[in-house]
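Atoms within a ligand are numbered from 1 in the order they appear, just like the ligands themselves. Basis for what follows: all heavy atoms, side chains included, without hydrogens, waters or symmetry-related copies. Numbers for residues simply follow the sequence, beginning at 1. Quick caveat: nothing in here was measured; it's all calculated off a predicted structure.
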Amino acid sequence: MCGIVGYIGKRQAYPILIKGLKRLEYRGYDSAGIALITEQSGLQVYKTKGKVADLEKHAEGKDISGTIGIAHTRWATHGEPTSTNAHPHVSSTGRLAIIHNGIIENYAVLKDQLKEKGIEFHSDTDTEVLVQLIDYIRTKKELDLLTSVRIALHQVIGAYAMAIIDKDNPDQIIAARQSSPLVVGIGDGEFFLGSDASPIIEYTNKVVYLDDQDIAVIDRNKENVEFVNIHNETIEHEIKKINLNLSQIEKGGYPHFMLKEIFEQPESLKDCMRGRVNVDLNNVVLSAVIDYRKELINARRFIIVACGTSWHAGLIGKQLLENFCQIPVEVEYASEFRYSNPVINNQDVVIAISQSGETADTLAAVELAKKKGAFIFGICNAIGSSIPRATQTGCYIHVGPEIGVASTKAFTGQVTVLTMLSLAIAKARGTIDIREYEELVKGLNDIPEKQKELLNSCNEKIHEISKIFTYARNFLYLGRGYNYPVALEGALKLKEISYIHAEGYPAAEMKHGPIALIDEEMPVVIIATKNALYDKLMSNIQEIKARKGRVIALVSEDDEKVKALADEYIELPKTLECLEPLLATIPLQLLAYYIAICKGKNVDQPRNLAKSVTVE
Ligand code: F6R
């Protein structure tokens, strides 16, 4: 939800900021803007509706010099995506320019107060209120910028990662964070700002992740960044070394990040399991389960909180944890959980699942559960993000940066971590038969190879199938047991990037309503592998065919029966039933991808979406 970048140093800021915006464009892409302090023209602000490429065109031929600047790519919250509402916003005096990711909840009250004092507003945004407020405090009380920012932030309710520059002080950027992510990069005589580290890693691997209420004072004449909180107390931050390389955040020959990330899954799951699954010793070792053994094995109940795709992973986690650990599990939408009045106590373990580690609802659910005394376990991908920092322990999924807006490798990474967690806790509790445990360890270890085999065998076929089904305006996805959440995930992928309406259902629920939708136009994707519920799934396929529905089936390699019944089929390599989601998800990701491509959609930047949902 909006990406912010900043630079101050010896180099020209413009190319660094534009490149940084492109790396952050996955966070929002409805408008973009840049503010530079140039020697010749002073504060220059260029902004436009559209993408970063449109901003570049807009800035062509203009003065883009200067060694200090801030830039923004927007996902609109307040006010339509127009060039007026795009960031940076400039205060009425023309001195201050601000970029902001988040929401100022009390902006309307503050705006009325400022209007009464004669301040004129030019946009519909909450962000303009923030810059006007800071500048009003600065001029009225003749204060320096840092003090004005601190006083203003005391009056603000909401979430922000923001950076501000003063045309009369081209040596300083002030940045602050509350509930939205912000990273400072520390180079040699130069400093960088980013919503995450991706715009920074090309220049330095030394970073500081800001905490809530932190303010960074970045001065080009000082060796280090000064950190204070909004009460003006000095904060000491450890400089962290990050382990990201450029190839991880570039497309590497693929036409889209989404396709790259789908194909990365065999390698990313190996990374996820590295040092954790040891097939020679027949063992799964998670340091969190060693360090917090007592809390985890004595849990009275697990409550999984997550949103979207991560919530689907949670539904699979519930089945794994209940089957192997014999502990009851509830799976909650974080957005509902945070406003409910959940009955939680200190024997509950809350598992928060989030790729970005920044989802506002999931973070709020964690804070609520913490207040109520639960033990919190995080399953996240983005290292150093807010959710892992708010939890007592957890497991990173370690699948590398996920940039395509539709989540792919993070989902299989989350399911892999949930599988390892279930196995480790079940073994510690003695609730799993040791032979079954060893079979599962081996099965899990074999998944990356099977994914590779599957990707090779199904990619072209799915591309062909997708051409047949671009006509469809609706899709139904069905699955049972462990594959029911896979059906939900397949439907979500399709609607997100192709804008085709799709519903996922447990297959047996079809006859309780959705069957009314089936006619010769309706494609039904069914995950019908040979598992415990195979006969029931066969009956569901018969019911669909009897109503002339068009069946795309995911089948076990040796299953001639379903192949004969289905209009189209994709073969899945054999694996243990509870590991099937790690395979069955892949063809559904590809199907969504190719249908969207056939329809000419922008798969990496689908309309209205953003990768990291840092607002409610
Ligand atoms: C779907 C998707 C979203 C996210 C959801 C939660 O492809 O990406 O549904 O899964 O916004 O995001 P995280 O996992 O970052 O908390």
* Does R23 pair with E250 as a salt bridge, N-O distance under 4.0 Å? -> yes
* Using heavy-atom distances, let me know which of C307, C380, S385, G404 sits nearest atom 5 (C) of ligand 1. => C307
* Are K22 and E25 ion-paired here, with the side-chain N under 4.0 Å from a carboxylate O? -> no
* To do: Kindly indicate whether a cation-pi arrangement holds for R177 with Y160, taking the cut-offs as under 6.0 Å to the six-membered ring centre and within 45° of the axis.
  => no
* Which atoms of ligand 1 have any heavy atom of S354 under 4.0 Å away? -> 13 (P), 14 (O), 15 (O), 16 (O)
* Asked: Is the closest basic N to carboxylate O distance between K260 and E264 below 4.0 Å?
  -> yes
* **F375 six-ring centre to K370 NZ/CZ under 6.0 Å and within 45° of normal** => no
* Residue and atom name of the nearest protein heavy atom (relative to atom 16 (O) of ligand 1), distance in Å to one decimal -> T359 OG1, 2.4 Å
* Nearest heavy atom to atom 7 (O) of ligand 1: which of E496, Q414, E358, M258 does it belong to? -> E496
* To do: Would you check whether V405 reaches within less than 4.0 Å of ligand 1, judged by its heavy atoms?
  => yes
* **Closest approach of any protein heavy atom to atom 11 (O) of ligand 1, naming residue and atom** => V613 CG2, 3.9 Å
* To do: Could you tell me whether S310 and ligand 1 have an N or O pair separated by under 3.5 Å?
  => yes
* **Proximal ligand 1 atoms for A406, defined as those under 4.0 Å from one of its heavy atoms** => 7 (O)
* Closest approach of any protein heavy atom to atom 4 (C) of ligand 1, naming residue and atom -> T309 N, 4.0 Å
* Asked: Closest non-hydrogen protein atom to atom 15 (O) of ligand 1, residue and atom name please, with distance?
  -> S356 OG, 2.6 Å
* Asked: Does ligand 1 have any atom sitting under 4.0 Å from a heavy atom of K493?
  -> yes
* Counting N and O atoms only, with roles assigned by atom type, does the side chain of E402 sit under 3.5 Å from a partner on the main chain of K409, one being a donor and the other an acceptor? -> yes
* To do: Flag the pair Y593 / H256 as yes when their ring centroid distance falls below 6.0 Å, and as no otherwise.
  => yes
* Asked: Do D271 and R274 meet the salt-bridge criterion of a basic N to acidic O distance under 4.0 Å?
  -> yes
